[in-house]
Amino acid sequence: VALFSVASRFLGVVRDHILAGSFGAGQELDIYYAAFRIPDFIYNLVVLGALSAGFIPVFSEMIRRSEIVPGEKEKMLRLASNVFNALLLLIVFLSVLGIIFAQALTAWVAPGFSAAAKAQTAYLTRIMFLSPLFLGMSGVLGGILQSYKRFFIYSLSPIFYNLGIIFGALFLVRFFGLAGLAWGVVLGAALHWAVQLPAVWRLGFRYRFFLDWRDQGLRQIAGMMGPRTLSLAISQINLLAMTALASSLDSGSLAIFNLANNLQSFPLGVFGISFAVAAFPFLSENAYKPEKLKARFSSTIRQILFFIIPASVLLITLRAQIIRIVFGSGQFNWQDTVLTMNTLGFFALSLFAQAVIPLLVRVFYARRDSLTPFYLGLFSVAVNILLAWYLRPYFGVAGLALAFSVASIVNFLSLWICLYFQVGSLDLDKILISVLKFSGAAIGAGAVVQILKVAVWPFIDMTTFAGVFIQLSVCAAGGIVAYLVLCRVFKSEELSAAIAVCRRRLPLRKAKLSDQGEARGL
């Protein structure tokens, strides 16, 4: 999961590099990101709400029962098609409404845009409303694959999504103008769905055209997704509020906010979300087995923080070099670089909290509790919007990132405290000891990076791409080596575990099985 998340996030960086170089941080990218917001809102609200809170836990339980209960496999097949059809019907209804009222929605999402910019945003929004249809279908397939713990194809699909957007930016823009970006999003969504079809087919699932609202499994999923959907709605409303606030700032502010957010999302997707996704089926199976839940939660959160804490330090100390390498070409000028650098720095302050929140939330979902994350999310979003409104006149778009970070830390702390009262300490002492080791090693790595930045400076030309790349590479490599050495000095268990995993998985070797006939069949 982490490996393909790296590949997907890397393609995301390539995508943003192409967008920033082609359009710069100006009104065109502002329009693109504003148009993306409402269709993405529908997808997150409906698809993720149903699947993360309800479908995977219910389906995982049915898989376990199918091994001992006759006829359970048939119920699974019916449930998959039933959820697929119900979800698709709902998305079609919402997408049609979105297409009809795109102009009114745009006026609400981007009130600071001019009349011409609002009209173009509405046009792109109508095109992008096709993407939730494909992503909804893909979401059900991905839920089936996750329930069976088949993470390979599931992890591959976001790569194809980004490839579609990149194709739109490179080729479709030539024929359709800015609308080519919107058609690229639709193409990426279609690829996201299509790549998962063969794997689900091999598991024995066949589509059935029927809809049974009385089905017990469907009702159970619908009941569980309600609070989760509200929770996601709050998160999406938060992004809508940030979009509205950014639209009232200088031209390009919305683009800068999104570009910086996408950069900080790179380590989040690799180390935060991927670990949480992989752990969720196990958490669902052992939600009410305290010792097993405690052991898996503790090991997963320590693995996440082992990677995310040094990533935060490197992102803060090398943010100027990273932004110049990733975006510093074409139409993306020095002023855009400075604004993005400041925004990214404020985002990075809360990386540790943002990375752990997906795991904390999934523990609540595994225990059939969607209301607690909802109420806590509501509170943190209120903090974010109020702070963003206050800080916006003083810091501009960077103030939105600072407010986001403060709210993320508030959300993290409140989730942890509530989970502590529900479940217990969840091995808090061991987690704190590990975090102290990570933090000490990361601070030392940050100091090494700062020293290397000064040491390398006289020997390179920092006005060239090559010079900036050399400084970034040398400093990043030195910081990573320093972190690993210090973790070894501090006797970090997570470092030893990571090394053990690498030794088990690399190099790839052929394994001789006792049943050669079965091996050939595989």
Side-chain angles (χ1 to χ4, degrees), residues 4-5 7-12 14-16 18-19 32-33 35-52 55 80-81 83-99 102 123-146 150-203 205-209 262 269 277:
F4 281 98
S5 182
S8 176
R9 297 288 171 171
F10 176 76
L11 279 177
V14 173
R15 174 201 66 207
D16 287 347
I18 294 170
L19 293 175
Y32 166 73
Y33 285 121
F36 190 86
R37 186 56 56 211
I38 296 294
D40 190 57
F41 176 88
I42 298 299
Y43 165 71
N44 281 277
L45 203 66
V46 178
V47 180
L48 292 186
L51 298 177
S52 61
F55 184 77
S81 290
V83 171
F84 187 94
N85 293 327
L87 203 59
L88 192 60
L89 182 63
L90 181 57
I91 293 174
V92 168
F93 173 72
L94 293 175
S95 295
V96 170
L97 287 180
I99 291 172
Y123 175 58
L124 265 64
T125 298
R126 291 189 175 99
I127 296 172
M128 289 191 196
F129 260 116
L130 297 173
S131 64
L133 301 176
F134 292 107
L135 292 175
M137 295 187 292
S138 179
V140 177
L141 303 186
I144 294 172
L145 293 175
Q146 288 184 73
R150 305 294 176 86
F151 295 110
F152 178 80
I153 297 298
Y154 168 77
S155 302
L156 194 62
S157 55
I159 294 176
F160 283 83
Y161 181 64
N162 276 320
L163 285 174
I165 299 175
I166 290 172
F167 182 82
L170 289 176
F171 301 104
L172 298 183
V173 167
R174 301 178 185 178
F175 303 99
F176 302 102
L178 193 60
L181 294 180
W183 285 115
V185 171
V186 176
L187 174 62
L191 294 174
H192 191 285
W193 163 68
V195 74
Q196 298 185 78
L197 280 173
V200 175
W201 182 274
R202 286 194 297 270
L203 287 173
F205 288 87
R206 303 294 182 267
Y207 173 74
R208 302 182 182 184
F209 184 73
N262 290 343
V277 166

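Predicted model, so just to flag it, every value in this text is computed and none were measured. We use all heavy atoms of the structure for the numbers below, so side chains are in, but hydrogens, waters and symmetry mates are not. Quick note: residue numbers are just sequence positions, from 1.
Looking at L97 and F93, their side chains come closer than 4.5 Å, going by heavy atoms from C-beta outward. Residues V200 and I153 are not in side-chain contact: their nearest non-hydrogen atoms beyond the backbone lie 4.5 Å or more apart. Contact check for M128 versus W183: no side-chain heavy atoms found under the 4.5 Å cut-off. Put simply, the side chain of I18 reaches to within 4.5 Å of the side chain of V14, judged on heavy atoms. When side chains are defined from C-beta on, F36 does not count as touching T125, because their heavy atoms never get closer than 4.5 Å.
Contact detail for F129 and L94: the closest heavy-atom pair is CE2-O, 4.4 Å. Nearest heavy-atom pair, A199 versus L145, reported as atom, atom and distance to 0.1 Å: CB-CD2, 3.9 Å. The minimum heavy-atom distance linking P132 with I42 is given by the pair CB-CG2, 4.5 Å. Contact detail for N162 and G12: the closest heavy-atom pair is ND2-N, 3.8 Å. Nearest heavy-atom pair across L135 and A189 is CG-CB, 3.8 Å. The heavy-atom pair separating I127 from A179 by the smallest distance is CD1-CB, 3.9 Å.
Taking a 6.0 Å sphere around OH of Y123, one finds it holds 12 or fewer heavy atoms contributed by other residues, nucleotides or ligands.
A donor-acceptor distance shorter than 3.5 angstrom exists from the side chain of N44 to the backbone of D40, with no hydrogens or angles considered. In this structure a side-chain-to-backbone donor-acceptor pair under 3.5 Å is present from S138 to H192.
I166 CD1 to L11 CG: the interatomic distance, rounded to the nearest 0.5 Å, is 4.5 Å. We find the OH-CG distance between Y33 and L19 to be 5.0 Å, quoted to the nearest 0.5 Å. A distance of 13.0 Å separates CD1 of I99 from CD1 of I38, quoted to the nearest 0.5 Å. With rounding to the nearest 0.5 Å, the separation of OG in S95 from CZ in R126 is 13.5 Å. Within the model, atoms CG of L178 and CG of L124 stand 5.0 Å from one another, a figure rounded to the nearest 0.5 Å. Taken to the nearest 0.5 Å, the CZ atom of R15 stands 11.0 Å off from the CG atom of L181.
Classified by interplanar angle (parallel below 30°, tilted 30° to 60°, perpendicular above 60°), the ring pair W193/F134 is tilted.
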